[in-house]
**Student:** 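The structure follows.
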Amino acid sequence: SAKGMPKIIQQGCAATAAHKSLRLHPFFTGGEDEVGGRFTVLTWNVWFEPIEMARRMVAIGREIQARKPTLVALQEVTPTSRELLLALPWAVDYNVTEQPADVPYFTLVALRIAPLQVQRIGFANSCMARDVVVASVEIEAPGCGGPLRLAFATSHLESGSQAATTRVAQLGACLKLLSPPKSGADAAILVGDLNLRKREGLPLPTGNGWAWADAWTELGRAHAAGATMDAAINPYATCAFIRDFKTRYDRVLFRPSRRAKPTASPRPSIVLINMVRIGMKPFGYDAASKPIFCSDHFGLVATFDVVR
């Protein structure tokens with residue numbers, strides 16, 4: 001790519017020989033597990049509405065630039081918002097997925113490392129052209145017996161209360177795709193606007209020595225306390241059909257490594273350290289003195305350690 005521009009990933013094919021493991025600063029906690037590195041994941045539905053779009057994308061870009069997440073996933077990206085975002089300084093340090101054809105909005109993945117492979121896989125049951133993007137990366141983990149093989153994925157699952165059956169099937173397809181037998185990865189993370197209501201998709205799958213977890217509740221936090229859309233805080237989240245709309249559509253789901261039997265040199269795994277919501281305050285005001293938020297959704301940033 002041109003100097004000063006983001007590197008565009010060609011989806012559906014392996015990366016070139018320029019690939020290298022992402023080196024992370026080691027954090028040693030003194031616990032039983034050896035900690036090899038710490039990385040962060042950011043997910044955000046950036047809202048496809050044109051309302052204050054240019055100013056909102058600048059604010060989102062500043063947030064990404066300040067936090068420098070290792071892995072980024074954005075939903076409801078439009079051709080216009082993509083162009084705005086990729087023209088900002090943060091994008092220079094990332095490999096970014098290409099724009100899919102013939103859709104009004106889509107998901108975008110940005111990585112601070114050249115991936116081994118990236119795939120965009122459409123859902124056969126979607127009426128909204130929804131899909132899942134899966135990036136395979138290696139994260140170097142000092143003292144952990146080799147780099148962590150991580151499958152990082154994002155999706156914007158089918159919208160609407162009437163689409164519950166479709167949405168749950170899409171979630172199941174994602175988690176199956178990211179399972180140890182299918183992905184071959186030591187660990188996997190699925191993020192995005194999953195549109196899940198109440199107990200949809202629960203319980204999350206488990207297997208031989210591994211299990212999926214919801215990062216927010218895994219930290220001992222109440223489901224209701226983690227809303228990523230809240231009309232009482234953010235007027236952009238106002239729903240015409242529901243008064244005081246408040247929901248936790250956006251999720252970070254993760255799978256620790258498969259550990260069937262302890263060995264002298266187990267593969268690296270991941271441990272969740274923390275997760276925060278971002279974009280919960282207005283960054284400015286419009287001509288009518290109304291607050292401007294980055295999106296109708298709040299973003300999520302999760303921190304993980306690589307361990308063995």
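Quick caveat, the model's predicted, so the values are computed rather than measured.
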**Student:** Between Pro180 and Arg255, is there a side-chain heavy-atom distance shorter than 4.5 Å?
**Tutor:** yes
**Student:** Is the shortest heavy-atom distance from the side chain of Ile292 to the side chain of Phe283 under 4.5 Å?
**Tutor:**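 Result yes, sub-4.5 Å side-chain heavy-atom pair found.
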**Student:** To the nearest 0.5 Å, how far apart are CZ in Phe304 and CG in Leu148?
**Tutor:** 11.0 Å
**Student:** Closest heavy-atom contact between Glu138 and Pro147?
**Tutor:**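 Here Glu138 and Pro147 meet closest at OE1-CG, 3.8 Å.
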**Student:** Does the pair Leu171 and Leu190 meet the rule for a side chain to side chain contact (heavy atoms under 4.5 Å, CB included), with working shown?
**Tutor:** CA-CA 10 Å; Leu171 175 64; Leu190 172 65; 3.9 Å; yes
**Student:** About how many Å separate CG of Asp305 and CG of Asn274, when rounded to the nearest 0.5 Å?
**Tutor:**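 It comes to 11.0 Å.
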**Student:** Would you check if His156 and Tyr105 make a side-chain contact, meaning some heavy-atom pair closer than 4.5 Å?
**Tutor:**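 Counting from C-beta outward, His156 and Tyr105 do come under 4.5 Å.
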**Student:** Given side chain to side chain contact (heavy atoms under 4.5 Å, CB included), test Leu71 with Leu111 step by step and report yes or no.
**Tutor:** CA-CA 5 Å; Leu71 311 170; Leu111 313 164; 3.5 Å; yes
**Student:** Mark yes or no for whether Asn234, through its side chain, and Ser295, through its backbone, hold a donor-acceptor pair below 3.5 Å.
**Tutor:**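 Yes, because the side chain of Asn234 sits within donor-acceptor range (under 3.5 Å) of the backbone of Ser295.
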**Student:** Determine yes or no for a side-chain-to-main-chain donor-acceptor pair under 3.5 angstrom, with Gln170 supplying the side chain and Glu158 the backbone.
**Tutor:**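 Checking the backbone N and O of Glu158 against the side chain of Gln170, a donor-acceptor pair under 3.5 Å is found.
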**Student:** Using every non-hydrogen atom in the two residues, find where Thr238 and Pro235 come nearest and quote the distance to one decimal.
**Tutor:**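 Shortest heavy-atom separation between Thr238 and Pro235 comes out as OG1-O, 2.8 Å.
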**Student:** Kindly indicate whether the side chain of Leu86, heavy atoms from C-beta on, has any atom under 4.5 Å from the side chain of Gln99.
**Tutor:**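 Sidechains of Gln99 and Leu86: no contact.
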**Student:** Rounded to the nearest 0.5 Å, how far apart are CZ of Arg82 and CG of Leu74?
**Tutor:** 11.0 Å
**Student:** Please name the residue in the list Lys198, Arg199, Arg248 that meets the side-chain hydrogen bond (donor to acceptor under 3.5 Å, both in side chains) test with His223.
**Tutor:**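 For His223, the side-chain hydrogen bond (donor to acceptor under 3.5 Å, both in side chains) test succeeds with only one of Lys198, Arg199, Arg248, which is Arg248.
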**Student:** For residues Met53 and Val77: do they belong to one hydrophobic cluster (side chain heavy atoms under 4.5 Å, members Ile, Leu, Val, Met, Phe, Trp, Tyr)?
**Tutor:**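 Linked, Met53 and Val77 end up in one cluster.
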**Student:** Say whether, by atom type as modelled, one donor and one acceptor occur between the side chain of Trp212 and the main chain of Ser179 under 3.5 angstrom.
**Tutor:** no
**Student:** Strictly distance-based, threshold 3.5 Å: is any side-chain N or O of Arg38 a donor or acceptor partner for the main-chain N or O of Thr303?
**Tutor:** no
**Student:** From the options Asn195, Thr154, Asp193, select the one residue that forms a side-chain hydrogen bond (donor to acceptor under 3.5 Å, both in side chains) with Gln75.
**Tutor:**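 The option that passes is Thr154.
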**Student:** Out of curiosity, Tyr249 OH to Leu194 CG, how far, rounded to the nearest 0.5 Å?
**Tutor:** 12.0 Å
**Student:** List the atom of Leu175, the atom of Pro205, and the distance in Å for their closest heavy-atom pair.
**Tutor:** CD1-CD, 3.4 Å
**Student:** For the side chain of Glu98 and the backbone of Ile8, is there at least one donor-acceptor N/O pair under 3.5 Å apart?
**Tutor:** no
**Student:** Once rounded to the nearest 0.5 Å, what's the spacing between atom CG of Leu157 and atom SG of Cys174?
**Tutor:**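 One gets 5.5 Å once the value is rounded to the nearest 0.5 Å.
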**Student:** Could you check whether any side-chain N or O of Asp186 sits under 3.5 Å from a backbone N or O of Arg149, counting only pairs where one atom can act as donor and the other as acceptor?
**Tutor:**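 Looks like yes, one N/O pair under 3.5 Å.
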**Student:** Out of Lys290, Glu52, His297, which one pairs with Tyr236 under the side-chain contact (heavy atoms from CB on, under 4.5 Å) rule?
**Tutor:**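 Result: among Lys290, Glu52, His297, Glu52 is the only option passing the side-chain contact (heavy atoms from CB on, under 4.5 Å) with Tyr236.
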**Student:** Could you pull out the closest heavy-atom pair between Pro69 and Tyr94, with the gap in Å?
**Tutor:** O-OH, 2.6 Å
**Student:** Is the side chain of Ser183 donor-acceptor paired with the backbone N or O of Leu178 at a distance under 3.5 Å, no angle test?
**Tutor:**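 Between the backbone of Leu178 and the side chain of Ser183 there is a qualifying donor-acceptor contact (under 3.5 Å).
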**Student:** Report the C-alpha separation of Asp230 and Phe298 in whole Å, then their side-chain angles, then the decisive distance to 0.1 Å, and conclude whether the side chain to side chain contact (heavy atoms under 4.5 Å, CB included) test is met.
**Tutor:** CA-CA 9 Å; Asp230 189 342; Phe298 305 139; 4.1 Å; yes
**Student:** Answer yes or no: are there more than 12 heavy-atom neighbours, outside Glu83 itself, under 6.0 Å from its atom CD?
**Tutor:**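 Incorrect, the count does not exceed 12.
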**Student:** Quick one: side chain to side chain contact (heavy atoms under 4.5 Å, CB included) partners of Lys68, sequence neighbours excluded?
**Tutor:**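 Lys68 satisfies side chain to side chain contact (heavy atoms under 4.5 Å, CB included) with Arg112 only.
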**Student:** Would you say Thr166 and Ser126 make side-chain contact, with heavy atoms under 4.5 Å?
**Tutor:** no
**Student:** So do the side chains of Arg167 and Arg197 get within less than 4.5 Å of each other, counting heavy atoms only?
**Tutor:** yes
**Student:** Do Met57 and Trp47 share a hydrophobic cluster (ILVMFWY, side-chain heavy atoms under 4.5 Å, transitive)?
**Tutor:**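 Different clusters.
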**Student:** Checking Arg120 against Thr107: is there a side-chain donor and acceptor pair closer than 3.5 Å?
**Tutor:** yes
**Student:** Look at the side chain of Thr40 and the backbone N and O of Ala302, then say whether any donor-acceptor pair between them is shorter than 3.5 Å.
**Tutor:**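 Not at all, since once roles are kept as given, no pair shorter than 3.5 Å links the two residues.
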**Student:** Compute whether any side-chain donor of one residue and acceptor of the other, for Ser136 and Gln119, lie under 3.5 angstrom apart.
**Tutor:**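 No, no side-chain donor-acceptor pair sits under 3.5 Å.
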**Student:** So Met128 and Ser159, do their side chains get closer than 4.5 Å, heavy atoms only?
**Tutor:** yes
**Student:** Check Gly299 against Trp44 and note the closest heavy-atom contact, atom names and distance.
**Tutor:** N-NE1, 3.3 Å
**Student:** For Arg277, enumerate each residue passing the salt bridge (charged side-chain N to carboxylate O under 4.0 Å, His left out) test, keeping only those at least two apart in sequence or located in another chain.
**Tutor:**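 In terms of salt bridge (charged side-chain N to carboxylate O under 4.0 Å, His left out), with neighbours along the sequence ignored, Arg277 is linked to no residue.
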**Student:** Could you go through the side chain to side chain contact (heavy atoms under 4.5 Å, CB included) check for Val276 and Arg67 one step at a time?
**Tutor:** CA-CA 12 Å; Val276 297; Arg67 293 181 178 274; 4.3 Å; yes
**Student:** Would you say that Leu88 contacts Ile64 through its side chain, given a criterion of any heavy-atom pair below 4.5 Å between the two side chains?
**Tutor:** no
**Student:** Using every non-hydrogen atom in the two residues, find where Ala91 and Leu85 come nearest and quote the distance to one decimal.
**Tutor:** CB-O, 4.1 Å
**Student:** Out of curiosity, Ile139 CD1 to Leu150 CG, how far, rounded to the nearest 0.5 Å?
**Tutor:** 5.0 Å
